[in-house]
> 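Okay, here's the structure, questions in a sec.
Just so it is clear, the model here is predicted, and its values are computed rather than measured. Indexing begins at 1, ligand by ligand and atom by atom, following the structure's order.
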Amino acid sequence: MIVTRFAPSPTGRLHVGNIRTALHNFMWARANGGRFLLRIDDTDAERSEERFVDAIRSDLGWLGLTPDAEVRQSERFALYQARFDALVAAGRVYPAYETAQELDLKRKILLGRGLPPVYDRAALTLTDDQRTALEADGITPHWRFRLDHAAPITWDDLIRGPQRFDPVTMSDPVVRRADGSWLYMLPSAIDDVEMGVTHVVRGEDHVSNTALQLQMFDAMGAPPPAFAHEALLTGSEGKLSKRLGALGLDHFRAEGIEPQAIRALLARLGTSDPVEAIDDAALIATFDFARFGRAPARFDEAELAQLNAKILHTLPYEEVADRLPAGMDAAAWNAVRPNLSAVKDAADWWGVVEGPIAVLDLDADDRAYLADAAQVAATIDWATDPWHALTGALKATTGRKGKTLFLPLRRALTGLDHGPDMAALLPLIGRERALARLTLE
Ligand code: GLU
């Protein structure tokens with residue numbers, strides 16, 4: 001059974017980058033008949049906020065990525081403590097007493113000598129007596145995970161291919177602060193074990209964390225999950241932009257972007273497959289980490305808007321009915337949807353159908369023409385195809401064609417120069433309103 005998890009920290013709203021990660025976790029689980037879990041990484045009580053937890057849930061819900069289960073790290077401290085105690089007993093986690101200033105100084109000295117600023121493990125050389133003395137002085141330790149230096153750390157990343165890190169060049173990571181609070185690294189690895197996570201899908205900013213966490217899995221005697229580290233998103237200018245980090249679902253929602261458009265774009269961005277206006281089944285069927293590239297993927301809002309329009313133009317009435325103005329039925333939706341870039345704009349066209357509409361200036365010629373049109377409109381069959389009946393008859397009697405035939409009618413009937421296909425719109429406007437609009441006095 002494939003199990004993925006999306007693990008946001010509730011310290012802010014989701015942005016397009018982590019929404020993409022959530023989507024990929026969701027799709028991989030769905031593509032394999034697996035489970036998609038939400039893990040709220042709220043070990044940092046000070047920075048985590050309940051309103052962001054709620055926002056994460058509602059954003060995922062709106063996007064159609066409802067998790068199969070949810071866990072919260074803040075409810076799992078007992079679990080972390082038990083694993084921590086076992087790792088301390090096994091000598092894989094050890095107390096360290098340096099202050100932040102001391103560590104900073106050590107780093108500067110190493111950097112000054114042109115050496116990598118790797119922690120020197122001085123704490124490992126302390127005797128029991130020295131530790132007791134430090135603690136008697138009121139110094140409480142923070143805790144580090146002792147890396148095994150014996151062999152390189154390797155894994156075959158599902159996106160990045162073979163990866164190799166030399167643990168000798170890495171500092172033993174601090175896993176717990178002196179006040180007992182947890183840093184991200186160890187609880188995450190513990191949860192991945194306890195939750196049975198088989199695939200960790202996250203941004204490539206976590207690649208070096210993975211090297212460390214692989215040793216944690218090993219120290220816990222647990223088989224590691226597979227890893228897929230995705231290239232980050234860049235803005236349309238090709239740079240990591242501040243704007244991208246601030247773009248959340250609120251913004252897209254306000255712009256009238258459909259969840260389906262976001263799913264379709266973010267599922268394919270950065271892959272070798274084209275971005276297409278296709279449904280989830282098709283997206284899931286082609287979803288594969290092997291298709292992801294290592295270059296940063298470009299997120300372009302204009303591309304999203306275009307895709308959104310394409311998706312809108314095929315969206316069935318049932319999916320939008322509750323967002324349409326009262327009275328707007330399937331025929332009306334089908335008539336106006338080719339002209340929409342957002343569902344909310346359907347109301348404008350419904351206003352055109354129901355009226356009142358603006359009365360445009362018309363010259364004497366067109367006024368005479370419309371007077372004819374009003375008469376013809378009173379005689380045609382409105383039940384089947386009034387637009388072709390009307391224009392067919394007017395073409396024969398007036399000799400007008402093309403724009404001169406159609407445009408004055410469109411202007412009088414809708415108050416606009418452009419808009420949905422008149423053949424679809426006129427039956428909605430109906431005989432009574434049409435006759436009134438063509439009769440200009
Ligand atoms: N809370 C971490 C983050 O948001 C989770 C990383 C992970 O997926 O392990 O970066």
Side-chain angles (χ1 to χ4, degrees), residues 2-29 34-50 52-53 55-57 59-60 65 67-77 79-80 83 145 153 155 157-160 163 165 173-177 181-217 220 222 224-233 240 244-249 266 289 292:
I2 299 284
V3 180
T4 64
R5 90 299 194 268
F6 173 52
S9 308
T11 55
R13 294 296 299 257
L14 298 181
H15 56 74
V16 56
N18 42 35
I19 288 162
R20 175 171 173 250
T21 302
L23 177 74
H24 294 167
N25 276 288
F26 170 85
M27 298 208 121
W28 186 245
R35 281 163 63 77
F36 166 64
L37 310 179
L38 172 63
R39 188 184 81 202
I40 302 290
D41 280 7
D42 58 351
T43 56
D44 187 338
E46 233 155 73
R47 295 181 56 230
S48 299
E49 290 183 47
E50 210 48 37
F52 293 132
V53 177
I56 288 166
R57 289 191 193 118
D59 279 351
L60 291 179
L65 309 183
D68 297 312
E70 177 186 314
V71 304
R72 292 185 69 146
Q73 289 200 317
S74 58
E75 291 166 357
R76 298 162 69 84
F77 290 139
L79 187 65
Y80 306 151
R83 290 277 190 179
F145 177 78
I153 304 166
W155 77 94
D157 196 276
L158 296 177
I159 294 175
R160 297 166 61 85
Q163 302 292 299
F165 281 80
V174 176
V175 294
R176 201 170 185 183
R177 298 185 191 88
S181 63
W182 299 97
L183 282 104
Y184 152 76
M185 205 73 74
L186 183 61
S188 178
I190 293 171
D191 283 334
D192 288 338
V193 173
E194 297 284 339
M195 292 161 67
V197 171
T198 60
H199 291 75
V200 170
V201 181
R202 57 189 180 189
E204 66 182 10
D205 49 328
H206 282 287
V207 169
S208 59
N209 288 343
T210 295
L212 303 171
Q213 287 175 326
L214 279 171
Q215 285 217 354
M216 293 178 185
F217 290 114
M220 290 188 276
F227 287 88
H229 289 94
E230 337 188 278
L232 301 180
L233 281 188
L240 282 170
L244 210 54
L247 274 184
L249 292 183
L266 295 182
F289 292 117
F292 279 72

> State whether the side chain of T4 and the backbone N or O of F36 hold a donor-acceptor pair below 3.5 Å, judged by distance alone.
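Here the side-chain-to-backbone pair does not exist.
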> Checking R35 now: which residues fulfil salt bridge (charged side-chain N to carboxylate O under 4.0 Å, His left out) with it, not counting sequence neighbours?
none
> Could you list the residues that satisfy side chain to side chain donor-acceptor pair (under 3.5 Å) with T210, not counting sequence neighbours?
R202, H229
> Might you list the protein residues in contact with ligand 1, defined as having a heavy atom under 4.0 Å from one of its atoms, sorted by chain and number?
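Its neighbours under 4.0 Å (heavy atoms only) are R5, A7, S9, D41, Y184, S188, R202, H206, given by chain and number.
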> Any donor-acceptor pair under 3.5 Å linking the side chain of H24 with the backbone of L266?
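Such a contact is found between H24 side chain and L266 backbone.
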> Which residues pass the side chain to side chain contact (heavy atoms under 4.5 Å, CB included) test with R72, sequence neighbours left out?
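For R72, the residues satisfying side chain to side chain contact (heavy atoms under 4.5 Å, CB included) (neighbours in sequence not counted) are I40, D42, E50, V53, R57, E70, S74, E75.
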> Taking E49 for the side chain and P10 for the main chain, is one N or O donor matched with an acceptor at less than 3.5 Å?
no
